Structure formats: C-alpha cells, structure tokens
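The structure appears below as structure tokens.
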Amino acid sequence: MVFQQSRARGLDLCKELVAGWSSLDSSCFSISTVSGGITNLLLKVSVKEGTDSESAVTVRLYGPNTDLVIDRERELQAIPYISAAGFGAQLLGVFENGVVQSFIHARTLTPSDMREPRIAAEIAKQLHKFHQLDIPGSKEPQLWNDVFKFLKKASVLKFEDDEKQERYETISFREIKDEVKELKDLSDLLHAPVVFAHNDLLSGNLMLNDLEEKLYFIDFEYGSYSYRGFDIGNHFNEYAGFDCDYNLYPDKDVQYHFFRNYLSDRPSEVQVQDLEALYAETNTYRLASHVYWALWALIQAKVSPIDFDYLGYFFLRYGEYKKQRESCFSLAQDFLSLRSG
C-alpha cells in the first residue's frame, strides 16, 4: 500500500519535472520495476517517443521502516552534491517517500564483474574521486555512532514467532558490545583518513555502460563521512556475492592491484608504505563491516516485510567476524608496532 501511494506520487512528480510530460495522460506512461532492493524499490517511468525511442526517468521509492537503519535526512542533504559532482543519476526531484532521477543506460554489475581486474581498477579510481567529495555539514565519521545506534535498537527486540525469539535469545549483546569497543579502540590507532564514503558498494550499486566503458555508482542511502578503509573493506566483503562465500574475499595481490589504482593515476609508482597502511586499514575495517551489517540484519528481522532470513544473516555475518577476528587484529597490531618502531 505504501509503495502504491508513493508510486502514484512519483508519477505525478515525473509529469511536473520532465519537459513535455505535464500534458500527457497517465495512460501514456509505462512503469516497470528495475530492481527491488531490501530498503527501496527502483522504477523506470517511460514514455514512447515515435516508433523506436523512448524518454525515461527512474523513481526510487523508500521501503517501510527503513528510517530505523537509514538516516534519510543525511541522504537527502548529500544527494544534490553527489549528483552535481557527476556521480550516479542526475537528481530531478524529491518527494515524501523517494526521489526522481535521470535514467542510466547501463547494466548492473555482478559480483564476478567486480573481481575482474580491469573493472576493479576502474572502481578503485572512481572510489578515490568519490572520496574527494565535500558534503556540507559535520565531517565527523559516523561509523561507530551508527554501529552503537544499531546495537542499542537490536538488543531490545521482541519477536512474536517463538522460534525466532529462541534464536534471538542465544545472542550475547554484552559480548558484541565488548567486541565493538575493542575493535573501535584498535582501529582508532590506525588514524585512517576520514572521507565521504558510499558505505554500501556492492555489485547491485555499480552499473557499467559497456559501449562507453563508463562506470556509475548508484544508491547513496548509506553514504556518510567515514573511514576510507571501511568503504574499501566493505566493498571487498561483497566479493562474496549473493551466496556469501567469503572464501572469495580478495587476497593480498588482488587488494594491492585495487590500492594502486585507488592511490594514484600512476599505479606502478605507489610507495610500499602507502600500500601497507591501506592494507592494514582495509582489513581491520573489514571486521567493522561484518558487525555493522550483522546488527542491521537484526533490526530488519523485526521490521522488514521482505521474506528473507535476516536472523540467519546476522549469524552468518557475526560468525564471519569471529572467524576473521584473530588474523585481522594481529595484522593491525603488527602494522602498528612496526610503524611505532
């Protein structure tokens, strides 16, 4: 019902915003679903122009209860600046429960696309440019604020389903809180650069026009000032794909290929110490990414109408955190001791 009402409002806004559309009857429009994400729905609104061409825009509708995990005010403040800098689709208008944007003629990447060296290099270059964005407002990193907010909400849930409640009650939030504090204390010692980060750079938020060889970042709803290592580590976690096969996490050589293209227009000239610093940052914040999305999943398990095992996803991501914890902590501690020595 929420999506239906928003869809109608989005169509009205399209008619107001697109030149030549205001006088057209609603029957002239074709509306199709481009993608149905976990937190939003992306629609293509088009009008036929002659026999073989069409004019189109996209309408992104926010899902119900997503304000519990997404700061919409922060997102809407940032989008005009992101759009003006040439990232993503051009912003055409904003309404109560969504935005209207230009249509991008490109295909959505797959997880295997992201692992392809040529595409990985281009993602790295684009991400470095994205990290140069200057968004008005506080430049304080929001990662740990968001994690602690999620933790507070996630720790007081009640499920009507007895089986879900039973699984939920096996979670030790005291343990998670201690882990988060320890991870934050360790990562703070790295003094990672703070940048405006995408924070959700999975394959579904990357589009490529193969003909023009142009890459697009889309969907900036989790965007905020954060640590560059978190944005990259989170992206590398997404190499796992839809099956969450974390054995696909990139090895050191693959990461260094990405880092060289991220750090310089002349990848072969990047200094070893710069690679080592980014490697330590990325693989420490890799852990923060698992905790972030694990806690996010618990909140979604309670409020999302989507048929998905969010509770299972919590255990998957937190389990991966615990599996990788020792090696990632050791890597950061070794790097810090070498740097101080």
Side-chain angles (χ1 to χ4, degrees), residues 36-40 63-66 68-70 111 114 143-184 186-187 199-205 221-222 226 229-231 233-250 282-332:
I38 287 173
T39 53
N40 61 60
N65 302 313
T66 54
L68 291 171
V69 289
I70 295 168
M114 296 196 308
L143 172 63
W144 300 113
N145 290 343
D146 289 344
V147 168
F148 282 114
K149 278 181 199 167
F150 285 1
L151 181 57
K152 187 176 180 182
K153 289 172 184 172
S155 63
V156 292
L157 301 175
K158 286 276 190 295
F159 292 93
E160 290 167 17
D161 183 291
D162 289 343
E163 189 186 337
K164 277 187 179 178
Q165 184 63 26
E166 212 172 290
R167 289 171 77 197
Y168 173 75
E169 286 174 3
T170 67
I171 300 166
S172 169
F173 288 101
R174 172 65 62 87
E175 176 195 288
I176 296 173
K177 190 174 183 180
D178 290 344
E179 289 289 343
V180 168
K181 284 181 175 176
E182 196 173 346
L183 179 58
K184 180 184 184 302
L186 177 63
S187 63
N199 295 325
D200 191 24
L201 211 56
L202 72 167
S203 61
N205 288 336
E221 57 189 356
Y222 291 96
S226 190
F230 177 80
D231 220 8
N234 185 71
H235 173 64
F236 286 166
N237 277 338
E238 293 298 338
Y239 277 36
F242 309 116
D243 296 326
C244 298
D245 180 1
Y246 290 105
N247 293 316
L248 294 172
Y249 188 84
T282 297
N283 292 283
T284 306
Y285 284 106
R286 163 195 189 179
L287 294 177
S289 163
H290 285 306
V291 173
Y292 181 99
W293 294 111
L295 293 170
W296 169 93
L298 281 180
I299 299 166
Q300 293 285 10
K302 174 63 180 172
V303 304
S304 177
I306 294 169
D307 182 20
F308 180 79
D309 183 13
Y310 289 106
L311 209 50
Y313 191 67
F314 161 81
F315 287 108
L316 180 76
R317 294 302 295 258
Y318 191 56
E320 190 63 22
Y321 165 83
K322 289 196 279 192
K323 185 178 170 185
Q324 302 300 335
R325 181 194 190 279
E326 190 177 337
S327 62
C328 291
F329 266 64
S330 294
L331 174 70

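Worth saying up front: this structure is predicted, and the values here are computed from it rather than measured.
- Remark: D161 pairs with E163, K164 by the side chain to side chain contact (heavy atoms under 4.5 Å, CB included) rule, at least two apart or across chains.
- Side-chain contact annotation: Q324 with Y246, donor-acceptor N/O pair under 3.5 Å absent.
- Taken to the nearest 0.5 Å, the OG atom of S203 stands 9.5 Å off from the NE2 atom of H235.
- Looking at W296 and Y222, their side chains do bring a donor and an acceptor atom within 3.5 Å of each other.
- Y321 and R317 form no side-chain donor-acceptor contact under 3.5 Å, judged by distance and modelled atom types alone.
- With rounding to the nearest 0.5 Å, the separation of CG in L298 from OH in Y168 is 7.0 Å.
- Between the Q165 side chain and the F159 main chain, a donor and an acceptor come within less than 3.5 Å of each other.
- Residues A288 and F230 share a closest heavy-atom pair of C-CE1, 3.9 Å.
- The side chain to side chain donor-acceptor pair (under 3.5 Å) search around N237 returns S289, H290, not counting sequence neighbours.
- Applying the side chain to side chain contact (heavy atoms under 4.5 Å, CB included) rule to T170 yields the partners F315; only residues at least two apart in sequence or on another chain are considered.
- A search for salt bridge (charged side-chain N to carboxylate O under 4.0 Å, His left out) contacts involving D146 returns R74, not counting sequence neighbours.
- Closest non-hydrogen pair, A297 versus Y310, comes out as O-CB, 3.3 Å.
- Note that OH of Y313 and CZ of F308 are 6.5 Å apart. Values are rounded to the nearest 0.5 Å.
- Partners of Y249 according to the side chain to side chain donor-acceptor pair (under 3.5 Å) rule, which considers only residues two or more places apart in sequence or in another chain, are N283.
- Considering only residues two or more places apart in sequence or on other chains, K184 meets the side chain to side chain donor-acceptor pair (under 3.5 Å) condition with D188.
- Distance CD/Q300 to CG/L311: 12.5 Å, rounded to 0.5 Å.
- Listed by chain and number, the residues in a side chain to side chain donor-acceptor pair (under 3.5 Å) with N247 are D245 (sequence neighbours excluded).
- Between L201 atom CG and N234 atom CG the span is 8.0 Å, to the nearest 0.5 Å.
- With sequence neighbours excluded, the residues satisfying side chain to side chain contact (heavy atoms under 4.5 Å, CB included) with I176 are L151, I171, F173, V180, L295, F314, Y318.
- The salt bridge (Lys or Arg N to Asp or Glu O under 4.0 Å) pairs that include a residue from residues 295-309 are R167-D309, where partners are two or more places apart or lie in different chains.
- Qualifying side chain to side chain contact (heavy atoms under 4.5 Å, CB included) partners for E182, counting only residues two or more places apart in sequence or in other chains: R325, F329.
- In this structure, CD in E238 is found 4.5 Å from CG in L202, a value given to the nearest 0.5 Å.
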